[in-house]
Structure formats: structure tokens, C-alpha cells
Visitor: 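Before we start, here is the structure in question, set down as C-alpha cells.
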Amino acid sequence: YADLYGVNFELVDALVEIESDYCRNNANASSSARGCAQFLTSSWKALCTGDRMNYDDNIRFMVKVISEGGISHWTVEPATKSKLVARGLL
């Protein structure tokens, strides 16, 4: 999907690693974030279709959201942002 949407694959890979350590069924105990891309329930309903716990749907919509300028969905979290900066991806 990275090539399809013109998004840096390394950015997508890093986000999935940071958000869920590649775990497709990951659930955040302190929020409604779910799936490998950790979409909040409200974000998923507003921006995506399909199954939030499906790895392919998660990746496809993560890349689509990023391609539309939505990287802030993930970088709002300071720890995530600093890890991406440290890797030279932001």
C-alpha cells in the first residue's frame, strides 16, 4: 500500500512496530485503540471501512490516512513522535 499511496514504507513499518509490535490483535488498555495501527474507534468510524482488527484493513487505511496528511493521528503521542524523529522519519 505504501507504493500505491506514495507513502514511505519505512514510516509505515516503523509506525506498526511502535504502535503494536506488529501484533494484529493489539488493544490499548487505556483507550479504544485497536489493531496493528492502533486506530481509535472514532477515527476508524470516521476514516475507514472494513474490520479494524484485520491486519490488511489496518495497514491499508493507515497508509491512506497518512497519504491524506493524517500522520498526526499517530504523532500526537509524544513518545511515538520522538521515536519517528530519532529514526529520521519525520
Side-chain angles (χ1 to χ4, degrees):
Y1 296 112
D3 286 341
L4 178 67
Y5 287 101
V7 172
N8 181 342
F9 171 80
E10 291 163 357
L11 173 62
V12 175
D13 185 59
L15 277 170
V16 173
E17 178 188 358
I18 292 165
E19 290 293 326
S20 68
D21 198 23
Y22 304 103
C23 180
R24 72 182 71 213
N25 297 318
N26 200 28
N28 186 318
S30 62
S31 76
S32 67
R34 301 284 183 274
C36 65
Q38 291 294 282
F39 277 100
L40 297 172
T41 300
S42 58
S43 296
W44 187 265
K45 286 179 179 179
L47 303 169
C48 312
T49 59
D51 180 358
R52 186 165 54 140
M53 298 305 283
N54 178 282
Y55 197 81
D56 190 63
D57 289 346
N58 247 250
I59 298 298
R60 181 167 32 100
F61 283 104
M62 171 188 259
V63 175
K64 181 179 184 293
V65 168
I66 292 169
S67 77
E68 295 170 350
I71 188 71
S72 64
H73 286 280
W74 294 275
T75 58
V76 69
E77 170 59 43
T80 300
K81 185 175 184 175
S82 39
K83 287 176 185 178
L84 293 173
V85 168
R87 295 178 188 198
L89 297 169
L90 287 183

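Please read these numbers as outputs of a predicted model, since none were measured by experiment. Atoms considered below: every heavy atom in the structure, side chains included; atoms not considered: hydrogens, waters and symmetry mates.
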Visitor: Where do M53 and G35 come nearest, in terms of heavy atoms and distance?
Guide: SD-N, 3.7 Å
Visitor: Pick one: which of D51, T49, D57 meets side-chain contact (heavy atoms from CB on, under 4.5 Å) with W44?
Guide: D57
Visitor: Counting N and O atoms only, with roles assigned by atom type, does the side chain of Q38 sit under 3.5 Å from a partner on the main chain of N26, one being a donor and the other an acceptor?
Guide: yes
Visitor: With sequence neighbours excluded, what pairs up with K45 under the salt bridge (charged side-chain N to carboxylate O under 4.0 Å, His left out) test?
Guide: none
Visitor: Distance-only check: which donor-acceptor pairs under 3.5 Å involve side-chain atoms of residues 7-17, not counting sequence neighbours?
Guide:
{"from": "N8", "atom 1": "OD1", "to": "E10", "atom 2": "N", "distance (Å)": "2.7"}
{"from": "D13", "atom 1": "OD1", "to": "Y22", "atom 2": "OH", "distance (Å)": "3.0"}
{"from": "D13", "atom 1": "OD2", "to": "Y22", "atom 2": "OH", "distance (Å)": "3.3"}
{"from": "E17", "atom 1": "OE1", "to": "R87", "atom 2": "NH1", "distance (Å)": "3.1"}

Visitor: Locate the shortest heavy-atom distance separating K64 from S67; write the atom from each residue and the value.
Guide: O-OG, 2.7 Å
Visitor: Going by the rule side chain to side chain contact (heavy atoms under 4.5 Å, CB included), which residues pair with R24 if we only count those two or more places apart in sequence or in a different chain?
Guide: Y55
Visitor: Could you state the interatomic distance from OG (S20) to CZ (R34), rounded to the nearest 0.5 Å?
Guide: 13.0 Å
Visitor: Please round to the nearest 0.5 Å and tell me the distance separating atom CG of L47 and atom CZ of F39.
Guide: 7.0 Å
Visitor: Nearest 0.5 Å, please: how far is NE2 in H73 from CD in E19?
Guide: 12.0 Å
Visitor: Out of curiosity, C36 SG to N25 CG, how far, rounded to the nearest 0.5 Å?
Guide: 9.5 Å
Visitor: So, the side chain of D21 versus the backbone of C23: is there a donor-acceptor pair under 3.5 Å, distance only?
Guide: no
Visitor: Passes side-chain contact (heavy atoms from CB on, under 4.5 Å), N58 versus R52? Steps please.
Guide: CA-CA 6 Å; N58 247 250; R52 186 165 54 140; 4.1 Å; yes
Visitor: Is a donor on one side and an acceptor on the other found under 3.5 Å between the side chain of S82 and the backbone of P78?
Guide: yes
Visitor: So, taking the atom named OG in S43 and the one named CZ in F61, what distance separates them when rounded to the nearest 0.5 Å?
Guide: 13.0 Å
Visitor: Output the distance between atom CD1 (I18) and atom CG (L89), rounded to the nearest 0.5 Å.
Guide: 8.0 Å
Visitor: Looking at every non-hydrogen atom in both residues, tell me the closest pair between A37 and M62 and how far apart they are.
Guide: CB-CE, 3.5 Å
Visitor: Between I59 and L4, is there a shared hydrophobic cluster once you connect ILVMFWY residues whose side-chain heavy atoms come closer than 4.5 Å?
Guide: yes
